[in-house]
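Input: a single structure, listed below in structure tokens.
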Protein chains: 2
Amino acid sequence: MSTAEGRLTSDDRREQILAAATVVFGDRGYAGGTTDAIAKQAGISQAYVVRMFGSKENLFLEVSRRATGRLRDAFRGIIAGFTGEEGNLERQVLLGRAYGELVADRGTLLTLLHLFGLGQDPVFGPEARESFLDVYRIVRDEAGFSAEEATQFFARGMLNTILLALRMPDVKDDPRAFELLSSSMGEQCETILASFEAQASVAG
Amino acid sequence: MSTAEGRLTSDDRREQILAAATVVFGDRGYAGGTTDAIAKQAGISQAYVVRMFGSKENLFLEVSRRATGRLRDAFRGIIAGFTGEEGNLERQVLLGRAYGELVADRGTLLTLLHLFGLGQDPVFGPEARESFLDVYRIVRDEAGFSAEEATQFFARGMLNTILLALRMPDVKDDPRAFELLSSSMGEQCETILASFEAQASVAG
DNA sequence: AACAGTAGTAATCAATTGATTACTCATCAG
DNA sequence: CTGATGAGTAATCAATTGATTACTACTGTT
């Protein structure tokens, strides 16, 4: 999947590696994602991946921060567009849609989930907790949701995240699977699924 | 943490390895959990871990099946005790409590979450989807919940799972963290937290 | 006592992996 | 043209890891 480019500026290459790492870490998790696979995905040498970020740990940290940062930005962008006329239900829908668009990038979705599973880790654990809380604070304090509304919103979001991580839409001809997806994700399911189809998975 | 026992029957040792593997895989995920760490946790040689289960992949598969199997059994046990007099809200509380008790075993909780993150995997993906759907079918068909009730129940469950995986209760003196935990987990939080404190984590 | 079956390990291996080093090649200012 | 800076890599390393093999030792049976 490497589009055989020539020399890039350091910054461009950096972005490219971060994108590649998001895909690979998403696919195989932190421990399972090798710097070699990331290098191949980006079309450069493994040595350069390590060199640019110092270490694999550092790289995953940056990938995680990208993902959580995008989430914060997306929510703040939506909230900035609030007119003050919507009900909180409509606001939930708007924010939910923003989340859906973000995690239509499967790498981002999975990287977030893997990060949440690293709560034990001395480095990633605190990072994960702080990022999660940051987003909660945004929804609670900036979007003006009550604790109950915010909790419900997050609960639905986490279920959707896991259903997508599971590739539940791949289960065909199962009425219960369809029902669960419809009930939890509604019409967003098709949109996100379509974008998944178009996405590169890790080669080998 | 290995309680220096003598010879055990094959079956007893098997159980012990599965328990150790649940802790290790929970802590470090599938790729990150080494057969060596599992062996040390169980107090036996690495060779024997591999030998008893054929491969690490197989071992994780069995660990996953244990976890999802326990979940199914717990729910069915609760449902069998339904009198027919409860409202569905009370039933949600009863099932929620059962889930809480199950994932008070942190290894089980984390193993489930890691499994869900492996939806891409050709071996674990189908397993994960099928297990998840099984539980949904139980809640839907055997507990008699509507699609909406079941979805809400699962959403809350997934949020709780992630909050615990994140070790969110470790965040002290943060009103928003406390609020989120209270709102999502209610009084269960303390119970589960207490059991976490008592649990062995992976040594090194 | 001798045998058989089973629990368990030490030693070892090939493969993988993150990291380092020394280098090549391109680009561009003067 | 020249020299310097920065992009990028080949080669290599030490450590880790899952797996295999050949072996030891315990246990119960006849």
Side-chain angles (χ1 to χ4, degrees), chain A residues 2-21 23-25 27-64 114 118 121-124 202-204, chain B residues 2-21 23-25 27-64 114 118 121-124 202-204:
Chain A
S2 39
T3 337
E5 296 156 271
R7 269 167 79 103
L8 295 185
T9 65
S10 188
D11 282 351
D12 284 352
R13 192 61 86 186
R14 189 182 182 80
E15 293 302 316
Q16 192 194 11
I17 296 177
L18 283 168
V23 173
V24 172
F25 283 137
D27 245 40
R28 324 213 254 216
Y30 170 62
T34 66
T35 54
D36 195 66
I38 294 167
K40 286 204 172 87
Q41 177 85 9
I44 55 173
S45 70
Q46 178 260 344
Y48 199 37
V49 170
V50 173
R51 207 161 109 116
M52 177 153 305
F53 292 91
S55 70
K56 175 177 158 174
E57 183 177 272
N58 239 326
L59 174 55
F60 185 71
L61 213 48
E62 290 223 29
V63 166
S64 300
H114 287 305
L118 292 176
D121 188 277
V123 174
F124 304 126
V202 169
Chain B
S2 39
T3 338
E5 296 156 272
R7 267 167 82 105
L8 294 187
T9 65
S10 187
D11 282 351
D12 285 352
R13 193 60 89 185
R14 191 182 180 81
E15 292 302 316
Q16 192 194 12
I17 296 176
L18 283 169
V23 174
V24 172
F25 282 137
D27 245 41
R28 326 217 263 222
Y30 170 63
T34 65
T35 54
D36 195 65
I38 294 166
K40 286 204 172 87
Q41 177 84 10
I44 55 171
S45 71
Q46 178 260 345
Y48 199 36
V49 170
V50 173
R51 208 162 106 118
M52 179 156 299
F53 291 91
S55 69
K56 174 177 158 172
E57 184 177 274
N58 240 325
L59 174 55
F60 185 71
L61 212 48
E62 290 222 29
V63 166
S64 301
H114 288 304
L118 293 176
D121 188 278
V123 174
F124 304 124
V202 168

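So that the names make sense, note that chain A is the first sequence line, chain B the second, and so on, each numbered from 1. In what follows, every heavy atom counts, from backbone to side chain, and hydrogens, waters and symmetry copies are set aside. This structure is a prediction, so every number in the text was calculated from the model and none was measured.
- Atoms NE2 and CZ, from His114(A) and Arg28(A) in turn, are 11.0 Å apart once rounded to the nearest 0.5 Å.
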| message | Show, in sequence, the C-alpha distance, side-chain angles and deciding distance for Asp12(A) and Gln16(A), and conclude whether the side chain to side chain contact (heavy atoms under 4.5 Å, CB included) test is met. | response | CA-CA 6 Å; Asp12(A) 284 352; Gln16(A) 192 194 11; over 6 Å; no
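- What you find for Asn58(A) and Phe53(A) is that their closest heavy atoms are CB-O, 3.1 Å.
- Across all strands, Gly33(A) comes closer than 4.0 Å only to sugar-phosphate atoms, never to a base (heavy-atom distances).
- A distance-only check finds no donor-acceptor pair linking the side chain of Gln41(A) to the backbone of Ala20(A) [under 3.5 Å].
- No side-chain heavy atom of Val23(A) sits under 4.5 Å from any side-chain heavy atom of Ile38(A).
- Note: Phe60(A) and Phe124(A) have perpendicular aromatic rings, judged against thresholds of 30 and 60 degrees for the angle between ring planes.
- Annotation: salt bridge (charged side-chain N to carboxylate O under 4.0 Å, His left out) contacts involving residues 45-58 of chain B, sequence neighbours excluded, are absent.
- Less than 4.0 Å separates DNA chain C from at least one heavy atom of each of the following residues of residues 51-60 of chain B: Arg51(B).
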Side chain to side chain contact (heavy atoms under 4.5 Å, CB included) between Ser10(B) and Met52(B), intermediate numbers included = CA-CA 9 Å; Ser10(B) 187; Met52(B) 179 156 299; 3.8 Å; yes
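- Along DNA chain C, the nucleotide closest to Gln46(B) and the one closest to Ser10(B) are compared, and the more 5′ of them pairs with Ser10(B).
- Nucleotides of DNA chain C lying under 4.0 Å from heavy atoms of chain A occupy a range whose first and last members, 5' to 3', are dT17(C) to dA26(C).
- Atom P of nucleotide dT9(D) and atom CG of Asp36(A) are separated by 12 Å, given to the nearest angstrom.
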